[in-house]
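Protein chains get the first letters and strands the later ones, always in sequence-line order, with residue 1 at the start of each.
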Amino acid sequence: MTVTEPGIYPGIPEDVYHADTDLAPELGHSLSASGAKVLLKSPARYHYERQHGGKTSDAFDIGTAAHTLILGTGQPFVRIDVDDKRGAKWTEPAEAARAEGSIPLLRKDYDAVHRMAYAVATHPLAGKIFEQGDAEQSAYWVDQATGVTCRARVDWLRAGHIVDLKTTRNGHPADFERDAGNLGYHISAAHYTAGIEALTGLTMPFVIVAVEKEAPHFVSVHQFDDDYLAIGHARMREALELFAECKSSGVWPDYGNDIHVLSPPRWLARTKEF
Amino acid sequence: MDETQAAALRKPFDRKHIGKLPKGGTQLDYVGHAATTDRLLSVDPEWTWEPVAFGPDGLPAFTNGKGLWIKLTVCGVTRYGFGDGATVKECIGDAIRNAAMRFGVALDLWGKEELEQANGPVLAVAPRASAADFGKPEAEAQS
């Protein structure tokens with residue numbers, strides 16, 4: 001499949017979307033919100049991960065499986081009927097599953113994913129949110145200020161709402177408010193909102209459905225206020241400008257060759273006993 | 001903000017306050033930072049601005065060192081603006097002019113093209129979602 005012009009494309013396989021290789025030759029190498037977050041920390045890291053692939057983790061696998069089950073589309077996953085990942089009883093079937101394009105999950109993780117899906121489906125608000133709409137819509141557009149091609153994969157696109165599904169350690173609103181900033185969800189929200197607006201002319205609210213990974217899998221629904229979203233826009237703008245500059249110059253800076261002076265963070269400075 | 005204040009902000013400037021800005025082979029009319037500040041003071045002596053984000057050093061955060069997002073508050077109403085320039089002072093002045101334009105200050109001098117250029121990237125301010133949105137049929141959700 002080839003993306004030839006800006007638009008919202010259903011049905012692009014997840015691995016093809018993330019690889020971003022030759023998918024949109026006429027639009028060029030595109031920047032996603034995930035890529036922007038890595039780029040803002042280190043352009044060199046972004047460049048490396050683009051060439052060699054990003055990191056994977058157990059948490060990532062569980063999140064991907066939960067997305068597949070809740071959204072009804074995505075990478076398949078299989079249950080490996082063991083309690084831990086020690087020895088051949090895990091590695092052999094796990095490698096076979098990976099070779100077939102499936103995510104291998106331990107018995108407990110597989111069961112947790114199903115409980116998470118049940119929690120979302122039966123939550124009075126989250127269940128309603130996923131009753132209407134389309135899953136995994138890939139959006140491609142060109143940022144007018146920089147000429148950079150952008151991409152975003154919207155978990156769930158309703159008429160009037162952009163919905164992002166998150167599996168989380170803690171969905172309590174006070175904690176999620178902080179974690180969302182640390183994980184750059186506000187940057188994603190800004191990016192997705194800008195993209196859908198560029199493509200449809202509609203400025204839609206960005207809603208996050210968070211489901212906890214630990215039992216009893218509480219579900220909470222969140223949205224950023226204008227101030228939070230504005231910071232996301234500012235950070236995304238910074239990333240777009242940085243991306244354009246790095247791409248143009250071919251230079252993807254790392255941490256530099258100077259000596260960095262480390263000052264005590266505020267929490268440490270307040271500590272009485274060092 | 002009442003109608004009188006809104007009209008005062010939008011009132012056309014005297015020619016002596018309008019300068020010429022060379023851009024793209026032409027001369028664009030513009031109102032400088034000082035005249036913009038004077039207009040804001042005349043309507044709301046307590047107007048203020050603040051950066052949208054701060055860096056780890058506690059100072060206003062610039063976008064890749066080149067631009068500044070701000071929030072401008074006039075008569076209790078806050079709107080965003082973006083400014084860039086070669087120096088910090090230029091960025092601040094440009095951001096205030098840009099945000100003030102969103103209140104109508106010197107808006108008549110901004111042509112459509114200049115408006116798009118000066119606005120730069122548009123901040124998408126989405127309407128707030130409500131739980132009730134999802135209890136409605138799809139056709140009503142957008143209204």
Side-chain angles (χ1 to χ4, degrees), chain A residues 39-40 124-133 143-146 158-163 186 189-198 202-209 221-246 263 265-266, chain B residues 49-73 77-85 91 95 98-99 102 112-113 115-143:
Chain A
L39 185 80
L40 287 167
L125 178 55
K128 287 273 184 196
I129 288 174
F130 291 113
E131 274 182 3
Q132 298 172 334
D143 175 62
Q144 294 303 312
T146 58
R158 290 176 56 103
H161 299 87
I162 302 163
V163 183
H186 58 312
H191 187 59
Y192 285 38
T193 305
I196 295 299
E197 186 183 71
L202 298 171
T203 307
M204 297 186 189
F206 181 91
V207 176
I208 298 173
V209 175
V221 183
H222 311 267
Q223 66 182 321
F224 294 108
D225 70 9
D226 292 348
D227 285 349
Y228 215 143
L229 201 54
I231 294 170
H233 276 290
R235 293 290 283 160
M236 194 64 218
R237 179 56 42 202
E238 192 178 344
L240 285 162
E241 290 174 357
L242 185 57
F243 180 82
E245 197 170 301
C246 292
S263 301
R266 267 183 278 182
Chain B
W49 72 273
E50 61 179 316
V52 166
F54 291 91
D57 55 5
L59 295 173
F62 283 74
T63 59
N64 196 20
K66 292 176 182 169
L68 178 70
W69 282 102
I70 68 163
K71 289 192 288 186
L72 179 70
T73 302
V77 178
T78 299
R79 288 174 185 159
Y80 292 102
F82 179 83
D84 56 14
C91 288
N98 178 260
R102 295 168 196 273
K112 182 178 178 294
E113 197 175 313
L115 274 173
E116 287 172 356
Q117 285 176 359
N119 285 347
V122 176
L123 271 180
V125 180
R128 195 67 64 88
S130 101
D133 293 348
F134 303 103
K136 297 176 183 174
E138 192 81 325
E140 292 178 24
Q142 269 192 290
S143 59

Lys/Arg-Asp/Glu bridge criterion (N-O < 4.0 Å) met for Lys71(B), Asp227(A) = yes
inquiry  = Would you say the rings of His161(A) and Phe134(B) are close, in the sense that their centroids are separated by under 6.0 Å?
reply    = yes
remark   = ring pair (Phe, Tyr, Trp, His ring centres under 6.0 Å) filter on Phe54(B), not counting sequence neighbours, yields none
inquiry  = So which atom in Glu241(A) and which in Phe82(B) form the shortest heavy-atom distance, rounded to 0.1 Å?
reply    = OE2-CZ, 4.5 Å
query = Looking at residues at least two apart in the chain, or sitting in another chain, which of them share a salt bridge (charged side-chain N to carboxylate O under 4.0 Å, His left out) with Asp84(B)?
reply = none
key: Taking every non-hydrogen atom, the tightest pair across Asp133(B) and Arg158(A)   = O-NH2, 4.2 Å
key: Within-4.5 Å side-chain heavy-atom neighbours: His233(A) and Val52(B)   = no
ask   = Can you tell if the side chain of Trp69(B) reaches within under 4.5 Å of the side chain of Arg237(A), non-hydrogen atoms only?
value = yes
ask   = Atom CG in Asp226(A), atom OH in Tyr80(B): separation rounded to 0.5 Å?
value = 5.5 Å
query = Between Gln223(A) and Ala129(B), is there a donor-acceptor pair closer than 3.5 Å when you use the side chain of the first and the backbone of the second?
reply = yes
task = Find the one option among Ile129(A), Leu125(A), Ile231(A) whose heavy-atom pairs under 4.5 Å with chain B are most numerous.
result = Ile129(A)
